[in-house]
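Working notes, beginning with the structure itself.
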Amino acid sequence: MATRSDEYLSPEIVNRGIKDSGPYAGSPSFSVRVHRGLPDFLGSVNLKYVKLGYGYLINHGVYFVGVPILLVIFGTQIGKLTWDVFHFKYNLVNAFLFLGFLCLIVYVYLDLTPRSTYLVDFACYLPPDELKISKEEYIELARKSGQFNDVAIQFQQRVLKNSGLGDETYLPRAVFHPNYQKDLKTGREEAATLMSGAVDELFSATGIRPKDIRILIVNCGVLNTTPSLSAMLINRYKLSHRIQSFNLGGMGCAAGIAAVDLANDLLNAYPASYALIVSTEIVSFNWYDGNDLDMVLPNCFLRMGAAAVLLSNHCHDRWRSKYQFKQLVRTHKGMDDRSFKSIQLKEDLEGKQGLSISKDIIELGGNALKANITTLSPLVLPISEQFHFFKSLLFKESASSKPYIPDYKLAFEHICILAASQKVLNEIQKNLDLTDEYMEASRKTLQRFGNTSSSSIWYELAYLEAKKRIKNGDRVWQLALGSGLKCNSVVWKAVRTVRQVKRNPWNEN
């Protein structure tokens, strides 16, 4: 099958062992396996995801269509009213009918229409300077640790060289100790430091009292303790006994957006409430000290970080909030075996535990990304772009012609893509035809903080705020992929211009 000349291909040499028969018996046998990069987004569109996106639009749009119709009917009738209608002596029936209709309008508006969810503020933890580690120091400590053989050291050196990470990311040096053993005590201590650091910053910035929090959601991929991480925060801040607490584990880098989805649903169930989301990953508990290259890879990218986010559906919080929640789409590819096994926590042949990253991860992640943005497009794109898209589908010049791919830059002013790796960001930029300006926040975050897992997208948004690029009305798209395999998107709309942010991890640089 012919491929495009500019398609990204990744070759892999596979050792098939010693031939036991034939003319080459006793000789080693090798083959070359070629992996695709991200799927060509311009090549095909799966219409089931387009249909799903319009399904979301119609399901939510019924409120915004129905209420204006009722208001128009109400408006045409109110002009016919006279004092006689309210005069019980002359027309008591009409008066009650009018009051009943007015109560119905109020009920539909207050009870049936979804309440707005606002992002009041968020905070990202800035680790102390003594935890900064350069790529050169990383390799030096890895050699001295005795944990890795020469092949694993050279592999990490090559990966770091092209990773996009800078020399000021944060990593606990304890993981390089020759006899390092990860345990719950060390994991809990790191979790407490990261989470409380972010939450303290958030409480200071917003003035919210801990007892005002009604909903608490904590997400961390690998470290899941008993009591849970959410219980640790409840104990530390003495949160209310009425708190609705949730602890999300094993969901990887996309868990932060899943937490937003859960918080939004809970806020609809609990009016006039605050929801606190804490996203983190514990590097010391994820560390792998073996020589399986698929499991060594996460060591090169994952770094310390945490974010705390405050959501509210209080009407009066609209005036002091930064963003309003607009859309959220979650796509899961776990039904496919290759996708399900692409990111796994497992043990190697020596019994050492670590995250294993499949060599097909870019291709599989690209398929999840393609499905997600195809579903999201009908919810965010201008009508003109959707019209051109469907026209290209209905009136193809030939079977091999490509459908019109909408310009996503018309839907968003800012994009925060999970800072996974340089290669992933390059492929997404090429396939979505994004400018360097749209990719700047992701690339700068990868360089400065590395991949902080689910909190990365919040460091990226903090970068945009520090650069004073968030204006009133701007739309922000946060996009993340995680184990499972899943791809999640959330869209925010700025409700004010963010002029000055005192507590921002980028202000220290």
May I ask you to decide whether Lys185 forms a salt bridge with Asp183, counting only side-chain N to carboxylate O separations under 4.0 Å?
no

Supply the atom-to-atom distance Asn299 CG to Met295 CE, rounded to the nearest 0.5 angstrom.
9.5 Å

Could you go through the side-chain hydrogen bond (donor to acceptor under 3.5 Å, both in side chains) check for Asn426 and Arg443 one step at a time?
CA-CA 10 Å; Asn426 288 343; Arg443 294 191 188 281; 2.9 Å; yes

Rounded to the nearest 0.5 Å, how far apart are CD1 of Ile213 and CG of Leu310?
5.0 Å

Mind listing the closest non-hydrogen atom pair of Ala368 and Leu481 along with its distance?
CB-CD2, 4.5 Å

Is the backbone of Arg499 close enough, under 3.5 Å, to the side chain of Thr497 for a donor and an acceptor to pair up by distance?
no

Can you pull the side-chain hydrogen bond (donor to acceptor under 3.5 Å, both in side chains) pairs that have at least one residue in residues 214-223, sequence neighbours excluded?
Asn219-Ser279, Asn219-Ser454

Quick check: closest heavy atoms across Leu328 and Ile257, and the distance to 0.1 Å?
CD1-O, 3.6 Å

Pick from Glu440, Glu413, Glu460: which one makes a salt bridge (Lys or Arg N to Asp or Glu O under 4.0 Å) with Arg469?
Glu440

Do the side-chain N and O atoms of Asp436 and Gln429 include a donor-acceptor pair separated by under 3.5 angstrom?
yes

Could you tell me whether a side-chain N or O of Asn313 sits under 3.5 Å from a main-chain N or O of Leu267, the two making a donor and an acceptor?
yes

Which of parallel (below 30°), tilted (30 to 60°) and perpendicular (above 60°) describes Phe176 and Tyr138?
perpendicular

Minimal non-hydrogen separation, His414 against Ile470, with atom names
CD2-CD1, 3.7 Å

Calculate, to the nearest 0.5 Å, the distance between atoms OG1 and CG belonging to Thr331 and Leu376 respectively.
9.0 Å

Ser230/Ser245 under side-chain hydrogen bond (donor to acceptor under 3.5 Å, both in side chains): CA gap, chis, key distance, verdict:
CA-CA 7 Å; Ser230 58; Ser245 172; 3.1 Å; yes

Any donor-acceptor pair under 3.5 Å from Lys135 side chain to Leu165 backbone
yes

Under the side-chain hydrogen bond (donor to acceptor under 3.5 Å, both in side chains) criterion, do Ser455 and Thr452 qualify, and how do the steps go?
CA-CA 6 Å; Ser455 63; Thr452 61; 2.9 Å; yes

Keeping the roles fixed (side chain from Lys471, backbone from Lys468), state whether a donor-acceptor pair exists under 3.5 Å.
yes

Non-hydrogen atoms of Thr280 and Ala306 that approach each other most closely:
OG1-CB, 3.6 Å

Would the distance check show the side chain of Glu281 and the main-chain N or O of Gly221 forming a donor-acceptor pair, the cut-off being under 3.5 Å?
yes

Just by modelled atom types, is the Ser358 backbone N or O under 3.5 Å from a matching donor or acceptor in the Asp294 side chain?
no

Taking Ile417's backbone N and O only, do any of them form a donor-acceptor pair with Ser442's side chain (distance below 3.5 Å, no angle check)?
yes

Compare all side-chain heavy atoms of Asn488 with those of Val260 and state whether any distance is below 4.5 angstrom.
no

With distance as the sole criterion, is a donor-acceptor pair present between the side chains of Gln478 and Trp492 under 3.5 Å?
yes

Donor-acceptor pair between Asn372 and Thr375 side chains, under 3.5 angstrom
no

List the steps, then state whether side-chain hydrogen bond (donor to acceptor under 3.5 Å, both in side chains) holds for Tyr237 with Arg209.
CA-CA 9 Å; Tyr237 293 99; Arg209 299 171 300 178; over 6 Å; no

Sub-4.5 Å side-chain heavy-atom contact between Phe285 and Glu190
no

Once you round to the nearest 0.5 Å, how far does CD1 of Ile217 lie from CD1 of Ile215?
6.5 Å

Can you check whether Asn367 reaches Ser339 side chain to side chain, under 4.5 Å on heavy atoms?
no

For Glu437, does the CD atom have more than 12 heavy-atom neighbours from other residues, nucleotides or ligands under 6.0 Å away?
no

Answer yes or no: does atom CZ of Phe246 have more than 12 heavy-atom neighbours from other residues, nucleotides or ligands under 6.0 Å?
yes

Can you confirm whether Glu130 is buried at CD, in the sense that more than 12 heavy atoms of other residues, nucleotides or ligands lie under 6.0 Å from that atom?
yes

Side-chain heavy atoms of Trp477 within contact of Ile373, under 4.5 Å:
yes

Using a 6.0 Å cut-off, check whether atom NZ of Lys341 has over 12 heavy atoms from anything other than its own residue.
no

Heavy atoms, side chains only, cut-off 4.5 Å: are Tyr180 and Trp287 in contact?
yes

For Phe122, does the six-membered ring have the charged nitrogen or CZ of Lys322 within the cation-pi criterion, i.e. under 6.0 angstrom from the centroid and within 45° of the normal?
yes

Can a side-chain donor-acceptor contact be found between Ser356 and Gln344 if the only test is distance below 3.5 angstrom?
no

Do Tyr288 and Val296 touch side chain to side chain, with heavy atoms closer than 4.5 Å?
yes

Taking NZ in Lys182 as the centre, count heavy atoms belonging to other residues, nucleotides or ligands within less than 6.0 Å. Is the count above 12?
yes

Indicate the atoms forming the closest heavy-atom contact of Leu229 with Ala191, along with that distance.
CD2-CB, 4.0 Å

Just by distance, with hydrogens left out, do Asn264 and Thr117 show a side-chain donor and acceptor under 3.5 Å apart?
yes

Could you tell me whether the side chain of Arg320 and the main chain of Thr206 form a donor-acceptor pair under 3.5 Å?
yes

Just verifying a value: how many Å separate Cys124 SG and Leu461 CG, rounded to the nearest 0.5 Å?
8.0 Å

Report the relative orientation of the aromatic rings in Phe449 and Trp506; use parallel for angles under 30°, tilted for 30 to 60°, perpendicular for over 60°.
perpendicular

Side-chain contact, heavy-atom cut-off 4.5 Å: Lys132 with Tyr170?
yes

Establish, from distance only, whether the side-chain atoms of Thr193 and Tyr125 form a donor-acceptor pair under 3.5 Å.
no

Worked check of side-chain contact (heavy atoms from CB on, under 4.5 Å) between Asp129 and Glu168:
CA-CA 9 Å; Asp129 288 344; Glu168 293 189 319; over 6 Å; no

Main-chain N/O of Leu202 paired with Ser204 side-chain donor or acceptor, under 3.5 Å:
no

Could you tell me which non-hydrogen atom of Leu171 sits nearest to which non-hydrogen atom of Leu302, and how far apart they are?
CD1-O, 4.0 Å

When you measure from the side chain of Ser483 to the backbone N and O of Leu485, does any donor-acceptor pair fall under 3.5 Å?
no

Once you measure the plane-to-plane angle for His314 and Tyr274, does it fall in the parallel (<30°), tilted (30-60°) or perpendicular (>60°) bin?
tilted

Test side-chain contact (heavy atoms from CB on, under 4.5 Å) applied to Val278 and Leu233, step by step
CA-CA 10 Å; Val278 181; Leu233 289 178; 3.8 Å; yes

Check whether more than 12 heavy atoms from other residues, nucleotides or ligands sit under 6.0 Å from atom NE2 of His316, and answer yes or no.
yes

Which value, rounded to the nearest 0.5 Å, describes the distance between Ser196 atom OG and Met232 atom CE?
8.5 Å

With sequence neighbours excluded, what pairs up with Thr226 under the side-chain contact (heavy atoms from CB on, under 4.5 Å) test?
none

